[in-house]
Q: 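Below is the structure I would like to discuss, written out as structure tokens.
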Amino acid sequence: MQRREFSRSLLAAGATTALGAATALAFAPAHAQPAGLKEGADFVRLGRPAPVDSPADKIEVVEFFAYTCIHCYNFEPLFSDWMKNVPGHVVVRRTPVAFNDAFVPLQRLYYALEAMGQVDALHEKVFRAIHVDKQRLTTPEAIATWMAAQGVDREKFTGFFNSFAVAGKAKRATQLQDAYQVEGTPSLGVGGRYYVTGQGPRTLVVANALIADLRKA
């Protein structure tokens, strides 16, 4: 979903069902070179490298997503399965975008989940709450209420949500999004060098090929 579409998404938060068969998809191994891979069509080479947090011997892959993006919801099962099979020289991390200030509460939600060790338990549930249950998780109050309904201590969550650490991570996420020149989600940043857009298996096949190229370099 593109930047201009997100403002409407935040108001409507419409929903469709996830791609049920997608979770069973087997991806090409990291060394595969997909036929017809083209710069400018399948990926963009950054004019200036984006910052990476991983060690020099690792290749960092960043998923840019927004909880309000229906395409991110549909892509999540694919990406989660892919994450489970990446080789040891690849570091993967999720990065929630903020195309405007309305995105910040959900950015902070993700980093609060991360700080509390609740990403595995609740990340996909946030997507479902928005796109299936039609929950309007657009304010700190609504988010805290929903979290409490999931059995999370409200006061503890609010403390993380409002912490300087979470605020700093949200700010850093936006800076990284700008460094990769992210215009839509879901999308991937690879090794601080490449930007890949898309919503389906092809996105991950392209990522595999770029990882392999960086590994050779």
Q: Is there a donor-acceptor pair under 3.5 Å between the side chain of Lys38 and the backbone N or O of Phe43?
A: no
Q: With clusters defined by side-chain heavy atoms of hydrophobic residues (ILVMFWY) lying less than 4.5 Å apart, directly or transitively, does Val52 cluster with Val61?
A: no
Q: Indicate the atoms forming the closest heavy-atom contact of Arg193 with Leu214, along with that distance.
A: CG-CD2, 4.1 Å
Q: Group every Ile, Leu, Val, Met, Phe, Trp and Tyr by side-chain heavy-atom contacts under 4.5 Å, then state whether Val91 and Tyr195 land in the same group.
A: no
Q: Between Phe75 and Glu63, does a side-chain contact (heavy atoms from CB on, under 4.5 Å) hold up when you go through it step by step?
A: CA-CA 10 Å; Phe75 185 65; Glu63 181 208 23; 3.7 Å; yes
Q: Can you name the nearest heavy-atom pair linking Val97 to Ala66, along with the distance?
A: CG2-CB, 3.9 Å
Q: Distance alone, cut at 3.5 Å: any donor-acceptor contact between the side chains of Tyr194 and Arg45?
A: yes
Q: State the CG-CD1 distance between Leu106 and Ile130, to the nearest 0.5 angstrom.
A: 5.0 Å
Q: With a 4.5 Å limit on heavy-atom distance, are the side chains of Thr138 and Phe103 in contact?
A: no
Q: With a 4.5 Å limit on heavy-atom distance, are the side chains of Gln118 and His123 in contact?
A: no
Q: For Phe160, give me all partners under ring pair (Phe, Tyr, Trp, His ring centres under 6.0 Å), at least two apart in sequence or on another chain.
A: none
Q: Between Gln177 and Thr95, is the side-chain contact (heavy atoms from CB on, under 4.5 Å) condition met? List the steps.
A: CA-CA 8 Å; Gln177 153 198 323; Thr95 298; 5.6 Å; no
Q: Given side chains that start at C-beta, do those of Met147 and Leu109 come closer than 4.5 Å, heavy atoms only?
A: yes
Q: For Tyr67 and Phe127, take the angle between the two ring planes, folded into 0 to 90°, and tell me which bin it lands in: parallel under 30, tilted 30 to 60, perpendicular over 60.
A: perpendicular
Q: Applying side-chain contact (heavy atoms from CB on, under 4.5 Å), run through Leu113 and Val126 and close with a yes or a no.
A: CA-CA 10 Å; Leu113 292 179; Val126 178; 4.2 Å; yes
Q: If only atom types and distance count, is the side chain of Glu60 paired as donor or acceptor with the main-chain N or O of Val92 below 3.5 Å?
A: no
Q: Do Leu204 and Leu78 come close enough that some side-chain heavy atom pair is under 4.5 Å?
A: yes
Q: Under 6.0 Å from the CG atom of Asp101, do we count more than 12 heavy atoms belonging to anything else shown?
A: no
Q: Starting from Ile211, can I reach Val86 by hopping between I/L/V/M/F/W/Y residues whose side chains sit under 4.5 Å apart?
A: yes
Q: So which atom in Tyr73 and which in Arg128 form the shortest heavy-atom distance, rounded to 0.1 Å?
A: OH-NH1, 3.5 Å
Q: State yes or no: do Val90 and Met83 share one hydrophobic cluster built from I, L, V, M, F, W and Y residues joined by side-chain heavy-atom distances below 4.5 Å, directly or via other members?
A: yes
Q: Taking Asp153 for its side chain and Lys156 for its backbone only, find out whether a donor-acceptor pair lies under 3.5 Å.
A: yes
Q: One pair to check against side-chain contact (heavy atoms from CB on, under 4.5 Å): Asn162 and Arg108. What are the steps and the verdict?
A: CA-CA 8 Å; Asn162 292 324; Arg108 288 196 175 202; 4.2 Å; yes
Q: Donor-acceptor pair, Ser187 side chain versus Gly184 backbone, under 3.5 Å?
A: yes
Q: Using a strict threshold of under 4.0 Å (side-chain N to carboxylate O), is an ion pair present between Arg94 and Glu76?
A: yes
Q: Does one hydrophobic cluster hold both Tyr110 and Met116, with members joined at side-chain heavy-atom distances below 4.5 Å?
A: yes
Q: Tell me whether Gln150 contacts the main-chain N or O of Trp146 through its side chain, where contact means a donor paired with an acceptor under 3.5 Å.
A: yes
Q: Search all heavy atoms of Pro51 against all heavy atoms of Leu176 and return the closest pair with its distance.
A: O-CD1, 3.5 Å
Q: Main chain of Cys72, side chain of Gln199: is a donor-acceptor contact present, judged purely on distance under 3.5 Å?
A: no
Q: Phe65 and His71: aromatic ring centres closer than 6.0 Å?
A: no
Q: Checking side-chain polar atoms at under 3.5 Å, does Thr174 have a donor or acceptor matched by the opposite partner on Gln107?
A: yes
Q: Decide whether Arg154 and Thr145 meet the rule of one side-chain donor and one side-chain acceptor closer than 3.5 Å.
A: yes
Q: I'd like to know if the side chain of Asp133 and the backbone of Gln135 have a donor-acceptor N/O pair within less than 3.5 Å.
A: no
Q: Count the heavy atoms of every other residue, nucleotide or ligand shown that sit under 6.0 Å from CD of Glu39, and state whether that count exceeds 12.
A: yes
Q: So do Pro140 and Phe161 actually touch side chain to side chain, heavy atoms under 4.5 Å?
A: yes
Q: Pro96 and Tyr111: which non-hydrogen atoms are nearest, and at how many Å?
A: CD-OH, 3.3 Å
Q: Between Asp53 and Arg172, is there a side-chain N and carboxylate O pair less than 4.0 Å apart?
A: yes
Q: Between Pro77 and Asn74, what is the shortest heavy-atom contact and its length?
A: CD-O, 3.3 Å
Q: Is any side-chain heavy atom of Leu188 less than 4.5 Å from a side-chain heavy atom of Phe79?
A: yes
